[in-house]
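Data block below; observations after.
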There are 2 protein chains.
Amino acid sequence: MVYSIGQLSKETHCKVPTIRYYEDIGLLEKAQRSAGNQRRYTSQQCQRLHFIRHSRALGFSLDEIKQLIHLQDCKHHDAHQAHDVAQHHLVEVRNKIEQLKQLEQQLLTMIDNCDVDGSDDCLVLKSLNEVSEKGN
Amino acid sequence: MVYSIGQLSKETHCKVPTIRYYEDIGLLEKAQRSAGNQRRYTSQQCQRLHFIRHSRALGFSLDEIKQLIHLQDCKHHDAHQAHDVAQHHLVEVRNKIEQLKQLEQQLLTMIDNCDVDGSDDCLVLKSLNEVSEKGN
DNA sequence: ACTTGAACCTCTAGTTACTAGAGCTTGTAT
DNA sequence: ATACAAGCTCTAGTAACTAGAGGTTCAAGT
């Protein structure tokens, strides 16, 4: 099976300029070209792009994905390196969730305070104007 | 009270280049200048920068903050517009939390599967290679 | 008054992960 | 043979800053 860039795009739900971008930064190897200089992809490359998109959907950065791909290509890697990358990413995701939950609470408090008040001024603005001496 | 940019930076925990950046994009009004062309800030501007940093800490985008500032400056605004901006932001934060929780689950599953297996290959890579037909 | 050095100035470019557009060429179907 | 979709390259734009170069000003100490 040989794919044009448009076909690959449909297959992987990855936009055409994004595919070219991945090639530019060396995440996808340079595609073969047709007689007229158009990109032609193999199933292997399609598989790799699936891997990249799947990883992106899980929130891995392009840099992390580069590492994962390297681990895949390097036969003699430590079995647990990919595991470590994933583990590290999990920790980051959990931190992010914690941060956002705190944020949610602060927003809620702000909005609720405003609801209680029947006055002309929205307390949201007042609340944002209060200098929080706590954070850093 | 008059502040130099460095003093303002300390007061607000906002880096110097960031303050200049905010001025560039029109989020902070242009500062007065000393005889030697250095920026001089008033307490009002300090207050405004506090407002901006506080809002950023709550995850508002610079665009949203521009709206909030406009609401503050415009005397005859609808009392609930700022409320709406905050409410909308809250929804976004909650969506983000939901997404991240799903992500956390997928990562956990991936990592756990790998732990169970005692083989040479880390299943994290295998897992990322599986084409998920579900997502879009 | 003079000197030193920290803090300031402007301007350009880099970061992440793409996206959009201009202007041109190729592939394919009729 | 011709039309037009799809491809090509290259540049620039997005968000929210950050870093660096190369030069100027301020304030404190002598």
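By convention in this document, chain letters (A, B, ...) are assigned in the order of the sequence lines, proteins followed by strands, and residues within each chain are numbered from 1.
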Protein-nucleotides 11-13 of chain D N/O pairs closer than 3.5 Å?
none

Output a table of nitrogen or oxygen pairs between the protein and nucleotides 26-30 of chain C separated by less than 3.5 Å.
unit_1: C:dG27; atom_1: OP1; unit_2: A:Ser34; atom_2: OG; d: 3.0
unit_1: C:dG27; atom_1: OP1; unit_2: A:Gly36; atom_2: N; d: 3.1

Please round to 10 degrees the angle between the axis of the first five pairs and the axis of the last five pairs in the helix from C:dA1-D:dT30 to C:dT30-D:dA1.
-> 10°
Using atom types as modelled and distance alone, determine if a side-chain donor or acceptor of A:Thr109 lies under 3.5 Å from a backbone N or O of A:Gln105.
-> yes
Counting distance only, does the side-chain N/O of A:Thr12 pair as donor-acceptor with the main-chain N or O of A:His50 below 3.5 Å?
-> no
Note: contacts of residues 55-62 of chain B with DNA chain D (heavy atom, under 4.0 Å) are B:Arg56, B:Ser61, B:Leu62
Are A:Tyr22 and C:dC18 close enough that a side-chain N or O sits under 4.0 Å from OP1 or OP2?
-> yes
N or O in side chain of B:Arg20 less than 4.0 angstrom from C:dT10 OP1/OP2 | no
Show me the side-chain donor-acceptor pairs of residues 28-37 of chain A shorter than 3.5 Å, one per line, residues at least two apart or across chains.
unit_1: A:Arg33; atom_1: NH1; unit_2: A:Asn37; atom_2: O; d: 2.9
unit_1: A:Arg33; atom_1: NH1; unit_2: A:Asn37; atom_2: OD1; d: 3.4
unit_1: A:Ser34; atom_1: OG; unit_2: A:Gly36; atom_2: N; d: 3.2
unit_1: A:Ser34; atom_1: OG; unit_2: A:Asn37; atom_2: N; d: 3.4
unit_1: A:Ser34; atom_1: OG; unit_2: A:Gln38; atom_2: N; d: 3.0

Phosphate OP1/OP2 of D:dG7: any A:Arg39 side-chain N/O under 4.0 Å = no
Please check if B:Leu49 and B:Val2 belong to a single hydrophobic cluster, counting links between Ile, Leu, Val, Met, Phe, Trp and Tyr side chain heavy atoms closer than 4.5 Å.
-> no
side-chain N/O B:Arg33 vs C:dT10 OP1/OP2, d < 4.0 Å | yes
Under-3.5 Å N/O pairs linking protein and nucleotides 18-21 of chain D:
unit_1: D:dT18; atom_1: OP2; unit_2: B:Thr18; atom_2: OG1; d: 2.6

